[in-house]
Protein chains: 2
Amino acid sequence: MKKITMQDVALKAGVSKSTVSQYINSRFEFMGVSTKHRVEAAIKELGYIPNHVAKSLKQKKTGTIGVIVANILHTFSTEIIRAIEDECERNGFHLFVCNADDQPEKERSYIDMLVAKQVDGLIIFPTNGNNDYYKQLKTAEFPIVFVDRVINEPIFPTLLLDNESASQIAVDQLAKKGRTKIGLVSTSIVQKVTPRIERIMGYKKALASHGLAIEEDWIVAEQREEIGSRLQRLWDSGNRPEAFFATNDLALIELLRFIKKNKLVIPENIGVIAIDDSPFLEMATTPISVIKQPTFEIGQNAADTLLQLISSKNFEEEYEERRYRPILVERESI
Amino acid sequence: MKKITMQDVALKAGVSKSTVSQYINSRFEFMGVSTKHRVEAAIKELGYIPNHVAKSLKQKKTGTIGVIVANILHTFSTEIIRAIEDECERNGFHLFVCNADDQPEKERSYIDMLVAKQVDGLIIFPTNGNNDYYKQLKTAEFPIVFVDRVINEPIFPTLLLDNESASQIAVDQLAKKGRTKIGLVSTSIVQKVTPRIERIMGYKKALASHGLAIEEDWIVAEQREEIGSRLQRLWDSGNRPEAFFATNDLALIELLRFIKKNKLVIPENIGVIAIDDSPFLEMATTPISVIKQPTFEIGQNAADTLLQLISSKNFEEEYEERRYRPILVERESI
DNA sequence: CCTTCTCACTAAACCGGTTTAGTAAGTCAT
DNA sequence: ATGACTTACTAAACCGGTTTAGTGAGAAGG
């Protein structure tokens, strides 16, 4: 069935399509009342819906933004995306969301696809494997904002949690309850993912700040599927920490699974604290203490920063990364 | 900074842009080897990225699909969307995901926006408030697939859980454990949302099938924020069920919050079963039994059905709704 | 009455890639 | 030598909306 165009509306209303375009864009300054009503009636009668593809071609903008998430399984990612969506929507933009699964090749092909689709800008949780390509895009003055991870050069605005600070809070909380033997559980640091690296660094610094030794065996940083068995081996070795600090929600799930398997009681047998929250942690038998990221604020700011870049076209040579203060949610698990 | 176009590549390579277009589209049948290499080198040298907006205008397709979710807070929604994303991606399509918050006006404006953006089709979890508009789109032969909810006429393919069956399984499980006083917790049915209505209907039928009376006071179907206080009043009344059946994950969260507040022990003091799963339910102190939807299959089929509609352009007068068998995940909470 | 200005509207170029009919050169068969 | 066919390539129209310079009619001022 033939799609209705402005030309059809113009014919129906007895005007030119320029006049219809003026009407669609609410430019009524030089438009007779009779003309206006005829165009309005024609649009309604024909059920005309504008074609934004044609408009985008001429105006060289699409009103869309690409978001490339490194790992969408992290709850905080989806929370940040929700905030980005809300803020973009408030400004008349819509999102393509893509999941790179922490793979640089996937990320690269998403960037290409989104640039080809003429998105007006990108928000990327960078995988850290496309640094040359990021530089090319910088040279091309393509608007990009990074979130959650830092790359080797500060070429785009970068927003992320103060990870070391988050670890400091975690260790502080455990130490405050008298815990001196503190282990850490993380997902793999092979890819050198900023939050994981910085949180482990922060954990070490925090232990040192409490005069506590760093027990390398108590640092479990594995692929998610390996965490359980590593924890088991650690537990069975007899040299056990009193508490565990999980650096993200996926690590926490594996930690809780291990705890349940060994029929440990929180916090009597083992203390637990984690970074990032989930609705169920609050109402677990033992509600789990967490350090939250201000995901809504990060997302909103990321969106605003990008929209600013898009509209101003003012590109700085370098950008200072913006760090967000973590938020302690003290429950009963430590 | 000026964007590189095919014309620029053509000039560089010493060919016409038609030739460049043939190269980009891998049409080499009538192309000299020398020409091919010159075009290839020019593309690489200039860093040319095609403009899909121009291509879409000419070809009248964008390779994008709109997904309008009624309520994105439900975990099953995001699981279905993940499956849709994967399947669409496998077929070279990408998604716009919009959240209607169960509001028909929001849904309507999203449909308009997505049609204007020339998406090739829509997957909608319908709010049930735009039936006339759905019919208009049917008349216009716009490809749409409905998910999770049924509207008053079978004008588009519709995929959803066998909700009554899910409730039957829930009541069967509780009855099997000797529970005869079974309450139900749901989010609000004011909007007549298909799954909620059907699950309550299924619950009543299932009680009847076990010769159990329907205690209207034990049916809590409220706005999410009201559920806790309604449950509290029910509990304090003294006329209490032995177990609760939560019809979705949001209702379950409120139920668990109530249980925790009243220091009840699952399943000793109160049995619990719910529809829809979450990672944490498995490792709760008392792992919660659930009836899962086959979200991956539903999402994949929804995507395939829509892609079929898009490519075949073959629209039936009516469609039979497709029901999916629920899956029991027996844990320890009943 | 003539000139200038304003109002209301329109023709046509443009955005960038696709596609198709057309062109030129070379090959082959008669 | 000529006609038919194939290969390799290209000019230009098209997709649908935007935008701008242009046009005609009417009003106002000198």
Side-chain angles (χ1 to χ4, degrees), chain A residues 1-40 42-43 46-64 112-113 115-120 140, chain B residues 1-40 42-43 46-64 112-113 115-120 140:
Chain A
M1 175 172 289
K2 187 193 174 300
K3 200 66 173 305
I4 299 301
T5 71
M6 275 189 177
Q7 190 58 45
D8 301 311
V9 174
L11 282 171
K12 188 81 176 169
V15 296
S16 71
K17 66 178 184 177
S18 306
T19 299
V20 179
S21 180
Q22 297 286 24
Y23 176 92
I24 287 291
N25 289 287
S26 302
R27 286 206 267 284
F28 302 124
E29 196 191 2
F30 299 132
M31 184 178 294
V33 173
S34 155
T35 299
K36 192 179 174 184
H37 288 150
R38 293 205 316 281
V39 174
E40 185 171 22
I43 288 173
L46 297 173
Y48 169 71
I49 294 184
N51 181 329
H52 281 192
V53 172
K55 175 172 179 155
S56 296
L57 181 59
K58 179 61 180 171
Q59 294 198 318
K60 296 172 188 269
K61 48 181 179 143
T62 56
T64 66
D112 280 343
M113 182 274 292
V115 170
K117 278 185 185 285
Q118 307 296 295
V119 295
D120 297 324
Chain B
M1 174 172 289
K2 188 190 173 303
K3 201 69 172 302
I4 300 298
T5 72
M6 272 186 181
Q7 190 58 46
D8 300 313
V9 175
L11 282 172
K12 188 82 174 170
V15 297
S16 72
K17 66 177 183 175
S18 305
T19 300
V20 180
S21 180
Q22 298 285 24
Y23 175 92
I24 288 290
N25 289 286
S26 303
R27 287 203 267 284
F28 302 125
E29 197 190 2
F30 299 133
M31 184 177 296
V33 172
S34 154
T35 299
K36 193 178 175 186
H37 289 151
R38 290 204 320 281
V39 173
E40 184 171 23
I43 288 173
L46 297 174
Y48 168 71
I49 293 183
N51 181 329
H52 282 190
V53 170
K55 177 173 179 152
S56 296
L57 181 60
K58 180 61 181 170
Q59 296 199 315
K60 296 175 188 268
K61 48 183 179 144
T62 56
T64 65
D112 280 345
M113 182 274 290
V115 170
K117 277 182 185 288
Q118 306 297 296
V119 296
D120 298 325

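Note on naming: letters A, B, ... go to the chains in the order of the sequence lines (proteins, then strands), and numbering restarts at 1 for each one.
- Inter-residue side-chain proximity for B:Ile43 and B:Ile24 is flagged as met; some heavy-atom pair is nearer than 4.5 Å.
- Whole-Å rounding puts the B:Asn51 CG to C:dC14 P distance at 18 Å.
- When the side-chain nitrogen and oxygen atoms of A:Ser16 are compared with OP1 and OP2 of C:dT10, one or more of them lie within a distance under 4.0 Å.
- For B:Thr35 and D:dA8, a side-chain-to-base donor-acceptor distance below 3.5 Å is absent, hydrogens and geometry of angles not being considered.
- The side chain of B:Lys36 places no N or O atom within less than 4.0 Å of a non-bridging phosphate oxygen (OP1 or OP2) of D:dA8.
- In summary, the side chains of B:Thr19 and B:Ser16 do present a donor paired with an acceptor at a separation below 3.5 Å, with no hydrogens or angles considered.
- Put simply, the side chain of B:Ser21 and the base of C:dT19 share no donor and acceptor less than 3.5 Å apart.
- Remark: C1' of C:dG17 and CD of A:Gln118 are 11 Å apart, rounded to the nearest angstrom.
- Remark: P of D:dG16 and CE of A:Met6 are 12 Å apart, rounded to the nearest angstrom.
- The distance between atom CD of B:Gln22 and atom P of D:dA8, rounded to the nearest whole Å, is 13 Å.
- B:Lys36 forms no cation-pi arrangement with B:Tyr23, by the criterion of a distance under 6.0 Å to the ring centre and an angle within 45° of the ring axis.
- Atom pair A:Tyr23:OH and D:dT18:P shows a separation of 14 Å (rounding to whole Å applied).
- Rounding to whole angstrom units, CZ of residue B:Phe28 and C1' of D:dT7 are separated by 17 Å.
- In this structure, the CD1 atom of A:Ile4 is 10 Å from the P atom of D:dG17, given to the nearest Å.
- Residue contacts shown for A:Val15 are limited to sugar-phosphate atoms, with no base heavy atom under 4.0 Å away.
- The nearest heavy atom of DNA chain C to B:Val53 and to A:Gly32 marks one nucleotide each, and the one closer to the 5' end goes with A:Gly32.
- Rounding to whole angstrom units, CG of residue A:Leu57 and P of D:dG17 are separated by 12 Å.
- In terms of phosphate contacts, B:Asn25 brings a side-chain nitrogen or oxygen within less than 4.0 Å of OP1 or OP2 of C:dT18.
- Between A:Arg27 and D:dT19 there is a side-chain N or O to OP1 or OP2 distance below 4.0 Å.
- Residue B:Lys17 is classed as a base contact, given a heavy-atom separation below 4.0 Å to a base.
- Applying the side chain to side chain contact (heavy atoms under 4.5 Å, CB included) test between B:Thr62 and each of B:His52, B:Gln118, B:Lys55 identifies B:Gln118 as the sole match.
- Proximity of B:Ser56 to B:Lys60: side-chain heavy atoms (C-beta onward) are nowhere separated by under 4.5 Å.
- The base of D:dT19 lies close enough to the side chain of A:Ser18 for a donor and an acceptor atom to sit less than 3.5 Å apart.
- The residue B:Tyr48 sits close only to the backbone: its heavy atoms come under 4.0 Å of sugar-phosphate atoms, none of a base.
- No contact: A:Val20 has no heavy atom under 4.0 Å from any strand.
- Put simply, A:Thr19 has a side-chain N or O that comes within less than 4.0 Å of OP1 or OP2 on C:dT10.
- Using a 4.5 Å cut-off on side-chain heavy atoms (C-beta onward), B:Thr64 and A:Lys117 make contact.
- B:Lys58 has no side-chain polar atom (N or O) that falls below the 4.0 Å cut-off from OP1 or OP2 of D:dC14.
- Counting non-hydrogen atoms under 4.0 angstrom, A:Gln7 reaches nothing in the nucleic acid.
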